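Here is the structure we will look at.
Remember, it's a predicted structure, so these values are computed and weren't measured experimentally. Note on naming: letters A, B, ... go to the chains in the order of the sequence lines (proteins, then strands), and numbering restarts at 1 for each one.
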Amino acid sequence: DTEVTQTPKHLVMGMTNKKSLKCEQHMGHRAMYWYKQKAKKPPELMFVYSYEKLSINESVPSRFSPECPNSSLLNLHLHALQPEDSALYLCASNKGRRSDTGELFFGEGSRLTVL
Amino acid sequence: GQQVMQIPQYQHVQEGEDFTTYCNSSTTLSNIQWYKQRPGGHPVFLIQLVKSGEVKKQKRLTFQFGEAKKNSSLHITATQTTDVGTYFCAARGRSGNTGKLIFGQGTTLQVKP
(Lines give C-alpha, C1' and ligand atoms only; values in the text may rest on other atoms or scores of the structure.)
Protein backbone atom coordinates (compact mmCIF):
# COMPACT_ATOMS: atom_id res chain seq x y z
CA ASP A 1 0.00 0.00 0.00
CA THR A 2 1.20 3.47 -0.84
CA GLU A 3 1.08 6.30 1.69
CA VAL A 4 0.48 8.82 -1.07
CA THR A 5 -3.13 8.77 -2.19
CA GLN A 6 -4.21 9.97 -5.60
CA THR A 7 -7.72 10.51 -6.91
CA PRO A 8 -9.27 9.76 -9.25
CA LYS A 9 -7.50 6.59 -10.39
CA HIS A 10 -8.93 6.99 -13.88
CA LEU A 11 -10.21 10.11 -15.64
CA VAL A 12 -11.62 10.58 -19.12
CA MET A 13 -12.18 14.13 -20.26
CA GLY A 14 -12.90 16.11 -23.38
CA MET A 15 -10.66 18.86 -24.64
CA THR A 16 -13.02 21.55 -23.36
CA ASN A 17 -13.46 20.13 -19.88
CA LYS A 18 -11.98 21.37 -16.64
CA LYS A 19 -10.96 18.71 -14.15
CA SER A 20 -8.57 18.29 -11.24
CA LEU A 21 -6.27 15.58 -10.00
CA LYS A 22 -5.76 15.33 -6.26
CA CYS A 23 -2.93 14.02 -4.15
CA GLU A 24 -2.68 13.64 -0.38
CA GLN A 25 0.03 12.49 2.01
CA HIS A 26 0.14 12.41 5.79
CA MET A 27 3.81 11.58 6.29
CA GLY A 28 4.75 15.14 7.17
CA HIS A 29 6.67 15.49 3.91
CA ARG A 30 7.33 19.06 2.82
CA ALA A 31 8.14 18.45 -0.84
CA MET A 32 5.55 17.25 -3.31
CA TYR A 33 5.90 16.49 -6.97
CA TRP A 34 3.91 15.96 -10.13
CA TYR A 35 5.34 13.61 -12.72
CA LYS A 36 3.87 12.67 -16.10
CA GLN A 37 4.51 9.18 -17.49
CA LYS A 38 3.71 8.04 -20.99
CA ALA A 39 3.60 4.34 -21.83
CA LYS A 40 7.02 2.67 -21.86
CA LYS A 41 8.70 5.94 -20.84
CA PRO A 42 10.23 7.14 -17.56
CA PRO A 43 8.44 9.55 -15.26
CA GLU A 44 8.94 13.11 -16.46
CA LEU A 45 9.09 15.86 -13.87
CA MET A 46 6.45 18.58 -14.17
CA PHE A 47 6.32 20.54 -10.91
CA VAL A 48 7.93 20.57 -7.48
CA TYR A 49 6.48 22.22 -4.39
CA SER A 50 8.75 22.78 -1.45
CA TYR A 51 7.19 23.99 1.79
CA GLU A 52 3.99 24.76 -0.14
CA LYS A 53 5.76 27.02 -2.61
CA LEU A 54 6.30 26.21 -6.23
CA SER A 55 10.04 25.68 -6.61
CA ILE A 56 10.30 24.00 -10.00
CA ASN A 57 8.14 24.30 -13.11
CA GLU A 58 9.65 22.30 -15.93
CA SER A 59 8.23 24.59 -18.63
CA VAL A 60 4.87 22.88 -18.41
CA PRO A 61 2.08 24.35 -20.60
CA SER A 62 -0.33 26.61 -18.75
CA ARG A 63 -3.21 24.22 -19.38
CA PHE A 64 -1.72 22.38 -16.38
CA SER A 65 -2.05 24.43 -13.20
CA PRO A 66 -0.67 23.09 -9.92
CA GLU A 67 -1.88 24.10 -6.51
CA CYS A 68 -0.67 23.25 -3.02
CA PRO A 69 -3.38 24.28 -0.53
CA ASN A 70 -1.42 22.96 2.45
CA SER A 71 1.49 20.72 3.26
CA SER A 72 -0.55 17.54 2.84
CA LEU A 73 -2.40 18.30 -0.37
CA LEU A 74 -1.38 18.79 -3.96
CA ASN A 75 -3.74 19.42 -6.85
CA LEU A 76 -3.26 19.54 -10.58
CA HIS A 77 -5.93 21.54 -12.39
CA LEU A 78 -6.51 20.58 -15.99
CA HIS A 79 -8.10 22.78 -18.64
CA ALA A 80 -8.27 22.61 -22.42
CA LEU A 81 -6.04 19.57 -22.63
CA GLN A 82 -4.97 17.87 -25.82
CA PRO A 83 -5.15 14.17 -26.66
CA GLU A 84 -1.36 13.96 -26.39
CA ASP A 85 -1.70 14.88 -22.71
CA SER A 86 -3.15 11.43 -22.09
CA ALA A 87 -0.79 9.74 -19.64
CA LEU A 88 -0.32 8.45 -16.13
CA TYR A 89 0.07 11.38 -13.73
CA LEU A 90 2.09 10.47 -10.69
CA CYS A 91 2.23 12.39 -7.46
CA ALA A 92 5.21 11.90 -5.16
CA SER A 93 6.50 13.31 -1.92
CA ASN A 94 9.60 13.34 0.24
CA LYS A 95 10.91 15.09 3.30
CA GLY A 96 12.06 18.03 1.23
CA ARG A 97 14.72 19.42 3.52
CA ARG A 98 17.62 20.87 1.60
CA SER A 99 20.03 18.34 3.04
CA ASP A 100 17.70 15.46 2.36
CA THR A 101 18.26 13.52 -0.79
CA GLY A 102 15.99 10.71 0.20
CA GLU A 103 13.54 8.56 -1.62
CA LEU A 104 10.42 9.64 -3.35
CA PHE A 105 7.17 8.06 -2.27
CA PHE A 106 4.89 7.72 -5.28
CA GLY A 107 1.14 7.44 -5.39
CA GLU A 108 -0.52 4.88 -7.63
CA GLY A 109 -1.19 7.53 -10.22
CA SER A 110 -4.16 8.97 -12.07
CA ARG A 111 -4.56 7.60 -15.56
CA LEU A 112 -5.85 10.40 -17.76
CA THR A 113 -7.42 9.97 -21.18
CA VAL A 114 -8.20 13.09 -23.21
CA LEU A 115 -10.66 12.57 -26.02
CA GLY B 1 20.29 19.65 -18.98
CA GLN B 2 21.37 16.69 -16.96
CA GLN B 3 20.74 13.32 -18.53
CA VAL B 4 21.10 9.81 -17.26
CA MET B 5 21.49 7.12 -19.90
CA GLN B 6 20.31 3.64 -19.03
CA ILE B 7 20.90 0.38 -20.92
CA PRO B 8 19.64 -1.99 -22.07
CA GLN B 9 16.09 -0.86 -22.80
CA TYR B 10 14.74 -4.42 -22.62
CA GLN B 11 16.05 -7.71 -21.31
CA HIS B 12 14.43 -11.11 -21.60
CA VAL B 13 15.92 -13.83 -19.42
CA GLN B 14 15.12 -17.38 -18.44
CA GLU B 15 14.19 -17.77 -14.82
CA GLY B 16 17.36 -18.42 -12.85
CA GLU B 17 19.59 -16.37 -15.13
CA ASP B 18 21.27 -13.18 -13.96
CA PHE B 19 20.34 -9.65 -15.06
CA THR B 20 22.20 -6.35 -15.06
CA THR B 21 21.15 -2.82 -15.95
CA TYR B 22 23.53 0.12 -16.24
CA CYS B 23 23.23 3.87 -15.79
CA ASN B 24 25.70 6.46 -17.05
CA SER B 25 25.94 10.19 -16.66
CA SER B 26 28.26 12.69 -18.30
CA THR B 27 28.30 14.72 -15.09
CA THR B 28 29.19 13.82 -11.53
CA LEU B 29 26.18 12.82 -9.50
CA SER B 30 25.55 13.68 -5.86
CA ASN B 31 23.73 10.39 -5.43
CA ILE B 32 21.76 7.85 -7.43
CA GLN B 33 18.54 6.08 -6.62
CA TRP B 34 16.97 2.95 -8.07
CA TYR B 35 13.23 2.33 -8.48
CA LYS B 36 11.18 -0.62 -9.65
CA GLN B 37 7.88 -0.26 -11.44
CA ARG B 38 5.77 -3.37 -11.87
CA PRO B 39 3.51 -3.57 -14.95
CA GLY B 40 0.49 -1.33 -14.28
CA GLY B 41 2.04 -0.06 -11.07
CA HIS B 42 3.91 2.95 -9.79
CA PRO B 43 7.64 3.42 -9.12
CA VAL B 44 8.79 2.02 -5.79
CA PHE B 45 12.06 3.05 -4.22
CA LEU B 46 14.68 0.33 -3.92
CA ILE B 47 17.86 2.03 -2.72
CA GLN B 48 20.01 5.14 -2.71
CA LEU B 49 23.79 5.20 -3.25
CA VAL B 50 25.78 8.20 -2.12
CA LYS B 51 29.45 7.32 -1.72
CA SER B 52 32.02 6.82 -4.45
CA GLY B 53 32.49 3.09 -5.10
CA GLU B 54 29.61 2.14 -2.84
CA VAL B 55 28.17 -1.37 -3.09
CA LYS B 56 24.92 -2.36 -1.42
CA LYS B 57 23.08 -5.64 -1.44
CA GLN B 58 19.42 -6.50 -0.93
CA LYS B 59 19.00 -10.27 -1.05
CA ARG B 60 19.59 -11.15 -4.74
CA LEU B 61 20.03 -7.49 -5.79
CA THR B 62 23.45 -5.82 -5.85
CA PHE B 63 23.77 -2.09 -6.46
CA GLN B 64 27.03 -0.33 -7.31
CA PHE B 65 28.04 3.34 -7.62
CA GLY B 66 31.09 4.08 -9.70
CA GLU B 67 34.30 5.53 -8.30
CA ALA B 68 33.79 8.73 -10.29
CA LYS B 69 30.12 8.88 -9.29
CA LYS B 70 29.11 8.96 -12.94
CA ASN B 71 27.77 5.45 -13.34
CA SER B 72 25.81 2.84 -11.48
CA SER B 73 24.56 -0.69 -11.95
CA LEU B 74 21.90 -3.02 -10.61
CA HIS B 75 22.58 -6.75 -10.78
CA ILE B 76 19.99 -9.41 -9.99
CA THR B 77 21.26 -12.91 -9.33
CA ALA B 78 19.10 -15.90 -10.28
CA THR B 79 16.06 -13.97 -11.49
CA GLN B 80 12.56 -14.98 -10.48
CA THR B 81 9.23 -14.20 -12.11
CA THR B 82 8.57 -11.73 -9.30
CA ASP B 83 11.48 -9.62 -10.61
CA VAL B 84 9.47 -8.69 -13.70
CA GLY B 85 9.09 -4.95 -14.16
CA THR B 86 10.93 -1.83 -15.24
CA TYR B 87 13.97 -0.73 -13.28
CA PHE B 88 14.80 2.97 -13.30
CA CYS B 89 17.86 4.75 -12.05
CA ALA B 90 17.27 8.34 -10.96
CA ALA B 91 19.74 11.02 -10.08
CA ARG B 92 20.26 14.54 -8.91
CA GLY B 93 23.19 16.56 -10.14
CA ARG B 94 26.05 17.78 -8.03
CA SER B 95 24.54 21.26 -8.00
CA GLY B 96 22.47 20.11 -5.10
CA ASN B 97 19.06 20.93 -6.48
CA THR B 98 17.32 18.45 -4.29
CA GLY B 99 14.06 18.95 -6.11
CA LYS B 100 15.06 17.76 -9.53
CA LEU B 101 15.26 13.98 -9.67
CA ILE B 102 15.79 12.88 -13.25
CA PHE B 103 14.97 9.33 -14.31
CA GLY B 104 16.88 7.17 -16.75
CA GLN B 105 14.97 5.58 -19.60
CA GLY B 106 14.49 2.36 -17.66
CA THR B 107 15.23 -1.28 -18.35
CA THR B 108 12.23 -3.56 -18.71
CA LEU B 109 12.90 -7.07 -17.48
CA GLN B 110 10.90 -10.04 -18.67
CA VAL B 111 11.49 -13.40 -16.98
CA LYS B 112 10.43 -16.62 -18.69
CA PRO B 113 9.46 -19.34 -16.22
Side-chain angles (χ1 to χ4, degrees), chain A residues 1-6 9-10 23 25 27 29-59 66 68 74 87-111, chain B residues 1-11 21 23 25 28-51 54 56 58 63 65 69 85-110:
Chain A
D1 287 339
T2 181
E3 295 178 80
V4 177
T5 304
Q6 288 188 244
K9 287 191 175 0
H10 299 275
C23 176
Q25 58 86 16
M27 295 179 281
H29 289 172
R30 302 310 299 269
M32 296 186 76
Y33 306 73
W34 280 115
Y35 279 86
K36 173 183 177 180
Q37 187 176 29
K38 303 281 272 185
K40 301 188 188 301
K41 295 292 186 182
E44 180 182 335
L45 184 64
M46 299 175 71
F47 302 103
V48 181
Y49 273 83
S50 179
Y51 290 81
E52 293 129 66
K53 292 185 179 178
L54 184 64
S55 61
I56 294 176
N57 176 342
E58 286 289 281
S59 302
C68 190
L74 184 66
L88 181 68
Y89 288 84
L90 292 161
C91 174
S93 70
N94 71 357
K95 293 177 184 176
R97 298 186 193 93
R98 190 160 180 79
S99 61
D100 173 55
T101 55
E103 67 182 280
L104 286 184
F105 292 79
F106 282 89
E108 295 182 350
S110 293
R111 189 163 298 281
Chain B
Q2 177 186 314
Q3 285 189 326
V4 179
M5 307 304 294
Q6 190 174 353
I7 57 170
Q9 189 174 0
Y10 298 99
Q11 185 86 54
T21 174
C23 267
S25 170
T28 303
L29 303 171
S30 59
N31 61 70
I32 195 159
Q33 298 179 358
W34 286 91
Y35 291 80
K36 177 183 179 181
Q37 187 172 19
R38 294 180 185 275
H42 59 280
V44 175
F45 176 82
L46 293 176
I47 207 160
Q48 176 172 278
L49 304 173
V50 179
K51 299 177 182 177
E54 190 169 17
K56 287 188 176 180
Q58 290 179 350
F63 303 84
F65 202 9
K69 301 182 73 172
T86 300
Y87 293 85
F88 293 102
C89 60
R92 293 180 176 88
R94 200 173 186 184
S95 62
N97 183 342
T98 60
K100 200 163 181 173
L101 188 68
I102 303 300
F103 284 76
Q105 291 299 304
T107 298
T108 298
L109 173 64
Q110 295 280 6

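- Residue A:Q37 holds its CD atom at 11.5 Å from NE2 of B:H42, rounded to the nearest 0.5 Å.
- For the pair A:L88 and B:G41, the tightest heavy-atom approach, listed with the atom from each and the gap, is CD2-O, 4.4 Å.
- Between B:F45 and A:F106, every side-chain heavy-atom pair lies at or beyond the 4.5 Å cut-off.
- If you take NZ on A:K40 and OG1 on B:T108, they are separated by 7.0 Å, rounding to the nearest 0.5 Å.
- Heavy-atom minimum distance, A:L104 versus B:Q33: N-OE1, 4.3 Å.
- Using a 4.5 Å cut-off between heavy atoms, B:Q6 does not touch chain A at all.
- Rounding to the nearest 0.5 angstrom, the gap separating the CD1 atom in B:I102 from the CD atom in A:E58 is 6.0 Å.
- Crowding of B:M5 atom CE: a count of heavy atoms from other residues, nucleotides or ligands under 6.0 Å not exceeding 12.
- Residues A:Y35 and B:F103 bring their aromatic ring centres within 6.0 Å.
- Counting all heavy atoms, side chain and backbone alike, A:P43 lies closest to B:P43 at CG-CG, 4.1 Å.
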